[in-house]
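Note on naming: letters A, B, ... go to the chains in the order of the sequence lines (proteins, then strands), and numbering restarts at 1 for each one.
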Amino acid sequence: MPELAEVDYFRKQWNPGLGHRIDEVLIHPKARVFRGTDAARLIRALTGALLERSEARGKQMLFVAREKTRRANDRAWLGLHLGMTGELRVEPPDFSPARHDHLVLRQAARALVFQDARLFGRVLFAESATAPAWWAKLPPDLLSVSFTVKTLADFLRRRARAPIKAVLLMQERFPGIGNWMADEILWRAAIHPRQPAGSLDAPAIRALYREIRAVCRNALRVIGTDWSEPPDTWLFNHRWKKGSACPRTGAKLMHAAIGGRTTCWSPARQKLVT
DNA sequence: TCCTATGTTGTATG
DNA sequence: ACATACAACATAGG
């Protein structure tokens, strides 16, 4: 479910817990979301710690806590990835975790819950004075000044033979873009999802750059703020149901698997060019 | 029963 | 080594 804006929306669901102590940590230790993570150490470190702040970068979230017993500069770094079905929510403090509630941070006035039915999500953890590599090495935000037309063009050249739809899903360059955002971007830029990434000319690359930024901005503003329904001028509201019409041309939308993912496009405005 | 799902990753192949 | 394609992961819902 979660892409850039949905992730930021879920991150903010835990805002009521910032500035408050964690009294108890409850986990399902054998859940797949803890693969590669020392869950016992996570419990030890976060119990009694003060939850200070949070951030989101692409689809990755970070929660930073200060431990009582460690040196003043040390922090506990909790990374959360929501996978396909992860969600963050708040429950009353006496809440008991259900089957899919794999991590619960219990505080005096509330419980912060991470749920994930399909277990494609992930929990990361570190204790250190500076951010761990899995956070510090994340690629630059698509709305930051370091994502430029040249950055984009260089990446497309390296992935020249892959369909542009598959390339937009690569998190190493397009953090936060997922299946619906990729389709929305290509539809707005009038680029066919099967178009090889290396075959885009300079005007197409500029259009792609512009629409990547626009879709990120719009998604964060509309969905990321309060999960508002996007307007019908987006592809978003039409892409899920087969047989629906392109909101710009009125022509029938097409669906096919491209890059291993269900893809929706408007053949009336997205043409393969050779 | 079969198919689908807003994601990543390990592995095979070129 | 690098780029590409795809099965696998686990569960719920239509």
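Within 4.0 Å (heavy atoms only), A:Arg99 reaches sugar-phosphate atoms of the nucleic acid but no base atom. The residue A:Arg32 sits close to a base: some heavy atom pair falls under 4.0 Å. Counting non-hydrogen atoms under 4.0 angstrom, A:Pro163 reaches the backbone sugars and phosphates but no base. Nucleic acid contact class of A:Gly260 (heavy atoms, under 4.0 Å, all strands): none. Contact annotation for A:Ala160: backbone-only contact, meaning every heavy-atom pair under 4.0 Å involves sugar-phosphate atoms and none involves a base.
Here B:dT9 presents its P atom at 13 Å from CE of A:Met84, a figure rounded to the nearest Å. Distance A:Phe120 CZ to C:dT11 P: 9 Å, rounded to the nearest Å. The nearest whole Å value for the distance from the CZ atom in A:Arg157 to the P atom in C:dT4 is 14 Å. Atom P of nucleotide B:dT9 and atom CZ of A:Arg261 are separated by 13 Å, given to the nearest angstrom. Going from atom CG of A:Asn179 over to atom P of B:dT8 covers 11 Å, rounded to whole Å. Across the protein-nucleic acid pair, A:Phe155 atom CZ and C:dA3 atom P stand 9 Å apart, rounded to whole Å. Rounded to whole angstrom, the span from the CZ atom of A:Arg173 across to the C1' atom of C:dC2 amounts to 16 Å. Between the C1' atom of B:dA5 and the CD atom of A:Glu87 lies a distance of 14 Å, rounded to the nearest Å.
Using N1 to N3 plus N6-O4 or O6-N4 for Watson-Crick, or N1-O2 and O6-N3 for G-U wobble, each under 3.5 Å, C:dA1 pairs with nothing. Across all strands shown, B:dT9 forms a Watson-Crick or G-U wobble pair, both distances under 3.5 Å, with C:dA7.
A sub-4.0 Å separation between OP1 or OP2 of C:dA10 and a side-chain N or O of A:His100 is absent. At the phosphate of B:dG7, neither OP1 nor OP2 sits under 4.0 Å from any side-chain N or O atom of A:Arg118. Residue A:Gln171 has no polar side-chain atom (N or O) positioned under 4.0 Å from OP1 or OP2 of B:dG7. Side-chain N/O atoms of A:Thr262 include one lying less than 4.0 angstrom from OP1 or OP2 on B:dA5. Listed pair A:His81 / B:dT8 meets the phosphate criterion, a side-chain N or O lying under 4.0 Å from OP1 or OP2.
Under the 3.5 Å distance criterion, the side-chain polar atoms of A:Gln270 are matched with a main-chain donor or acceptor of A:Ile191.
Here, B:dT8 and C:dG13 have their P atoms 23 Å apart, quoted to the whole Å.
Evaluated for a ring-ring contact (aromatic ring centres under 6.0 Å, His included) with A:Phe63, the options A:Trp77, A:Trp14, A:Trp135 yield exactly one hit, A:Trp14.
Of all nucleotides listed (B:dG7, C:dA12, C:dT4), B:dG7 comes nearest to the side chain of A:Glu3.
Rounded to the nearest 0.5 Å, atoms CG (A:Leu18) and CG (A:Leu51) are 5.0 Å apart.
In this structure, the side chains of A:Cys246 and A:Trp187 come closer than 4.5 Å at one or more pairs of heavy atoms. Here the side chains of A:Leu156 and A:Ile164 are in contact, with some heavy-atom distance below 4.5 Å.
Between A:Phe236 and A:Trp180, the ring planes are perpendicular. Angles over 60° get that label, and only those under 30° would be called parallel.
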